[in-house]
Every structure is written in C-alpha cells, then in structure tokens.
Protein chains: 2
Amino acid sequence: MNERSHQAIREAIRERISSGEWAPGALMPGEANLADEYQCARTTVNRALQSLAEDGLIERKRRAGTRVKEIPVKRARFDIPLIRQEVEATGAQYRPHLLLHEIIEAPDAVAARLRLKTSARALHLQTVHLADGAPYAFEDRWVNIDAAPGILDAPLEEVSANEWLLKQVPYSSGDVAFTAAPAGPRESAALDVAEGAALFIIDRTTWLEDRHVTTMKLFYRPGHTLHSRV
Amino acid sequence: MNERSHQAIREAIRERISSGEWAPGALMPGEANLADEYQCARTTVNRALQSLAEDGLIERKRRAGTRVKEIPVKRARFDIPLIRQEVEATGAQYRPHLLLHEIIEAPDAVAARLRLKTSARALHLQTVHLADGAPYAFEDRWVNIDAAPGILDAPLEEVSANEWLLKQVPYSSGDVAFTAAPAGPRESAALDVAEGAALFIIDRTTWLEDRHVTTMKLFYRPGHTLHSRV
DNA sequence: CCAAATAATATGTGCATACATAATATCTAA
DNA sequence: TTAGATATTATGTATGCACATATTATTTGG
C-alpha cells in the first residue's frame with residue numbers, strides 16, 4: 001500500500017473525518033481539491049471517496065458535493081457459514097441426523113414463501129445438526145420439489161439438505177431474518193433443552209431467479225451468538 | 001446504466017455464473033479475454049470482477065486467475081438503525097424513558113470490554129425505549145466516563161444515551177453480536193413480559209480508535225425480527 | 001414575479017496506458 | 001537432483017483525458 005494509493009488516501013480522509021476536521025453534515029472539499037492536496041489523480045480520490053460512501057461515512061451528490069454524514073449508518077456484515085463449517089471450526093466432528101422426511105401438503109405460510117399453489121405438496125425435512133454427537137442446532141426445512149427435483153434421491157443421511165441444495169443451486173439469492181423464540185416440543189426434544197428455552201433463530205428463504213427453492217428455520221441451542229464488526 | 005457499463009458487465013457475468021456456464025471452482029476467462037468479448041477496456045472488466053469478488057461469488061488471485069467459488073459465502077448486510085428511527089419508521093411516536101442512572105464500580109465483564117482498570121467506576125444506564133408509550137426495547141448500557149465526559153451533563157431524559165453518544169463520537173467503530181436469552185427480572189419488568197420469555201438481543205461495544213466508549217445490550221420484546229437480503 | 005430554459009459544476013464512469021505485485025513456471029548451477 | 005535465480009503472467013492500481021449525468025444556479029421570456 002503506497003503513500004498515494006487510494007487506500008492510503010481513504011484512510012487519511014477517514015482520519016480527518018474521525019478527528020472532526022469537518023463537522024457532521026459539513027461539505028467536504030471537492031475531489032479536485034483533494035487530488036491536488038494529496039498530489040494524485042482525481043480518479044484516485046474518487047475511488048477513495050466512493051469507498052467511504054459505501055461504508056456509510058459520507059454522502060455524495062453530483063453537483064452538490066460530498067458531505068460528512070450527520071448520523072453515519074452502522075452497517076454490520078455477517079458471513080453466514082455452512083453449519084458443517086461452523087461446527088468443524090470449533091474442532092468438533094459434524095454429523096447431520098435426519099429426523100423427519102415427508103412429502104406433504106405445505107402449510108399456507110410455507111406455500112406462500114415457496115410460491116406454491118395452495119395445498120401443493122412439498123418436501124418437509126427436520127434435521128438435528130450434531131457436534132461430536134451432541135445437538136448443535138435443529139433445522140426445519142421445506143423444499144419446493146419442482147425447483148430441486150433431484151433432492152428426492154439425495155443421500156440426506158450423509159449430506160445435510162442445506163449442503164446438497166447449495167451444491168445444486170450455489171448462486172442463489174435469498175433473505176434472512178434473525179429472531180428469538182421459545183423452544184416448542186419439537187425443538188426441545190431435538191436439542192435436548194427445556195421447553196420454553198430462549199433459542200436464537202435464523203430464518204432463510206432461498207431462490208434462484210424466480211424459482212423459490214427452499215425455506216427453513218434454524219434453531220440454535222441456548223447461548224449461541226452470531227457476531228461481527230461494524 | 002449503459003450496455004457497456006461496469007454494472008451491466010457485472011450482472012452479465014453474474015448471470016453466467018448462476019447459469020452454471022463455469023462450474024464451481026472452475027477458472028474463468030481472464031480480464032483481457034472478457035474485455036475483448038464485451039468490447040470494453042480491461043479496467044471496466046476489472047471493476048466488475050472486483051465487485052463480484054466483494055460479493056463473495058468469485059475468488060481472484062494474481063497470476064493464478066479468477067475462479068468461481070465452490071461454496072459462495074452468503075453475506076448478509078444489516079444497517080443497524082437508531083432505535084428512534086426504527087420506532088418512527090413504524091409510524092409510532094418514540095420516547096426514551098430512563099430507569100436507572102448511576103455511577104458505580106463496573107463488573108469485571110464490563111470493565112474488560114471498556115478496557116477499564118478493575119474496580120474503576122463507570123456510568124450505568126438503563127432505559128426503556130417506548131413506542132406510543134408501550135415498551136419496545138430495553139437497553140442496559142455502560143459508559144466509560146473518561147472517554148465521554150460530557151455525558152454526565154447530558155439531558156438523557158429527552159435524548160437517549162445512544163443518540164447523545166452518536167452525536168459526540170459519530171465515527172466510531174465497534175462490534176455487534178446477536179443472540180437470544182430469557183427475560184430476567186429487570187427485562188421482564190421493563191418490557192412488561194413474563195420472566196423467561198425469549199428475547200432477541202443485540203450486544204454492542206463501541207470504540208473510537210483506542211478509547212472504548214460504551215457497551216450495551218438491547219433486549220427486544222418477543223417476536224422482534226431483524227431481516228436482510230443475501 | 002414566476003415558470004421554463006439554460007448554464008455551470010461536482011461527481012460518475014469509460015478508456016488507453018504504464019507500471020506494480022504476487023504467484024507460478026522455467027531455467028540454471030552446484 | 002534440487003535449491004535458488006529468473007522469467008512469465010494475471011490481477012491490482014495510478015494517471016490523464018473525455019464525456020455523461022444529476023443537481024443547483026442563473027438567465028430569460030411571458
């Protein structure tokens with residue numbers, strides 16, 4: 001990282017913002033000025049400033065210029081890992097255990113998420129993810145069979161459905177929600193915790209273009225945390 | 001967005017990856033080739049590919065080339081809002097209510113987080129955030145007085161400590177953790193829920209350079225979810 | 001006086017080029 | 001044979017330039 005690199009300049013400017021050189025909401029010098037000051041091309045300053053804007057630290061508008069944000073947006077990024085990797089990262093041995101595998105009419109909430117016709121059938125799976133044989137998380141998943149037909153023949157005792165699907169449709173998009181809920185009878189039994197225990201839950205729905213592939217809830221054992229830098 | 005813009009090219013390449021044109025793990029054509037194919041400068045392809053790498057879809061190494069990731073990292077991004085804004089976005093009226101304001105010796109866990117000497121004193125605040133008068137979230141916060149001295153004179157009945165601190169040290173960094181836990185007596189009373197109810201919790205520590213400013217836990221009422229796109 | 005046309009301006013982006021850098025492949029000498 | 005030097009190559013990035021675009025300021029015409 002050179003003295004005049006866009007990264008160096010970005011950090012220098014970040015410093016100046018942190019130090020309060022420009023008040024929150026204030027107009028910063030234009031790209032041309034900064035380029036002059038740092039003895040570099042405007043392109044380079046542009047890149048530095050765009051990066052700071054991505055970070056939510058400044059706000060840029062054509063013709064209007066660049067200002068320091070009044071209230072910088074705190075943006076957290078989480079890498080959502082494969083459970084296998086998550087478990088293996090702790091040094092434990094991973095094994096999925098399939099508790100339920102049925103093809104039944106999907107409840108309305110699920111049908112809506114998978115864009116199924118009401119009363120269409122879907123694959124319903126329940127899995128406990130084990131770390132060194134002990135329950136680590138409980139997964140309740142519905143799969144749109146039309147969108148992933150091969151799953152009926154997949155060896156789900158060995159590879160978790162999550163992993164299998166990821167191999168099939170690796171570059172899908174989706175949405176995630178984080179929440180908490182008390183353990184119901186299923187979760188309680190699967191995770192070996194008291195009913196009503198507070199569980200951290202990740203709720204995901206995944207699609208590839210317009211094919212809604214799967215929706216699932218992942219219930220972690222009490223005490224699980226997910227963390228990140230801001 | 002032009003046909004030959006870096007964004008257009010990025011999306012075109014994203015499509016080609018999604019469609020499976022290049023297998024997971026496979027080597028993609030080099031920048032020069034793609035530039036040739038898309039009839040644009042290598043710089044433009046470079047920008048498109050860097051963006052896809054940021055998204056965790058591909059992996060790039062000098063000399064070795066660019067490959068499609070075997071298992072793309074699912075990266076969720078959350079904008080963590082001010083509670084005031086979060087509440088007001090629902091159309092409700094926001095009001096913070098300060099329950100506790102004391103300067104006492106910080107417990108070890110807190111002292112560690114704020115990098116305080118053991119048995120140093122810190123400001124301890126407990127606040128209920130109200131939406132239209134009803135409890136929305138409960139905040140338990142510790143502030144390093146040395147790092148934010150003005151807070152002792154701040155009108156915390158009107159502006160929440162969070163907001164006040166954000167005004168003072170707007171460009172701080174920090175870490176965030178999400179978890180779940182049962183409501184204890186304090187949370188139960190403040191949020192008006194049963195003891196043991198499953199609460200979604202955001203746990204944050206904030207610092208500016210080497211000054212650790214504040215650490216807090218935010219307990220949401222049952223049912224709260226945080227969501228995002230992947 | 002006000003609305004619409006027009007000019008001015010800061011950021012946004014593409015391009016050709018040159019060189020930097022990291023990783024790999026190949027050659028060379030003991 | 002093999003460690004070490006050297007060449008090769010794909011990505012990384014800085015630069016000067018031109019032009020695009022969004023937004024604000026100014027002018028103009030009714």
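Computed from a prediction, not measured in an experiment: that's the story for all the values here. Letters A, B, ... are given to chains in the order of the sequence lines, protein chains preceding strands, and every chain is numbered from 1. Computed from heavy atoms alone, side chains included, the values below leave out hydrogens, waters and symmetry copies.
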Identified salt bridge (Lys or Arg N to Asp or Glu O under 4.0 Å) counterpart of B:Arg113 within the set B:Asp203, B:Asp175, B:Asp108: B:Asp203
Got A:Glu139 and A:Leu125 here, is their nearest side-chain heavy-atom distance under 4.5 Å? no
Taking the ring of B:Tyr220 and the ring of B:Phe138, is the distance between their centroids below 6.0 Å? no
Aromatic contact between A:Phe219 and A:Phe200, with the criterion being ring centroids under 6.0 Å apart: yes or no? no
Mind calculating the distance between NE2 (B:His6) and C1' (D:dT21) to the nearest angstrom? 13 Å
Does D:dT15 have its OP1 or OP2 closer than 4.0 Å to a side-chain nitrogen or oxygen of A:Thr44? yes
Nearest-Å distance for atom pair CD/P, residues A:Gln7 and D:dG12: 11 Å
For the pair made of CZ in A:Arg47 and P in C:dT11, what is the distance, rounded to whole Å? 18 Å
Taking every heavy atom of A:Glu163 against every heavy atom of A:Val159, the minimum-distance pair comes out as CB-CG1, 3.6 Å
Hey, is the side chain of A:Asn46 poking within less than 4.0 Å of OP1 or OP2 on C:dT11, counting only N and O atoms? no
Take the protein atom CD1 of A:Ile9 and the nucleotide atom P of D:dT13, then report the distance between them rounded to whole Å. 13 Å
Would A:Glu86 and A:Tyr94 satisfy side-chain hydrogen bond (donor to acceptor under 3.5 Å, both in side chains), going step by step from the backbone distance to the final call? CA-CA 9 Å; A:Glu86 195 176 329; A:Tyr94 171 77; over 6 Å; no
Are the side chain of A:Asp79 and the backbone of B:Arg75 linked by a donor-acceptor contact shorter than 3.5 Å? no
DNA chain D contacts among residues 48-68 of chain A, heavy-atom distance under 4.0 Å: A:Lys61, A:Arg62, A:Arg63
Pairs under 3.5 angstrom only: tabulate donor-acceptor contacts from the side chains of residues 221-230 of chain B to other protein residues two or more places apart or in another chain.
residue	atom	partner	partner atom	Å
B:Arg221	NH1	B:Leu191	O	2.6
B:Ser228	OG	B:Arg77	O	2.9

For DNA chain D, which residues in residues 13-43 of chain B have a heavy atom at a distance below 4.0 Å? B:Gly30, B:Glu31, B:Arg42
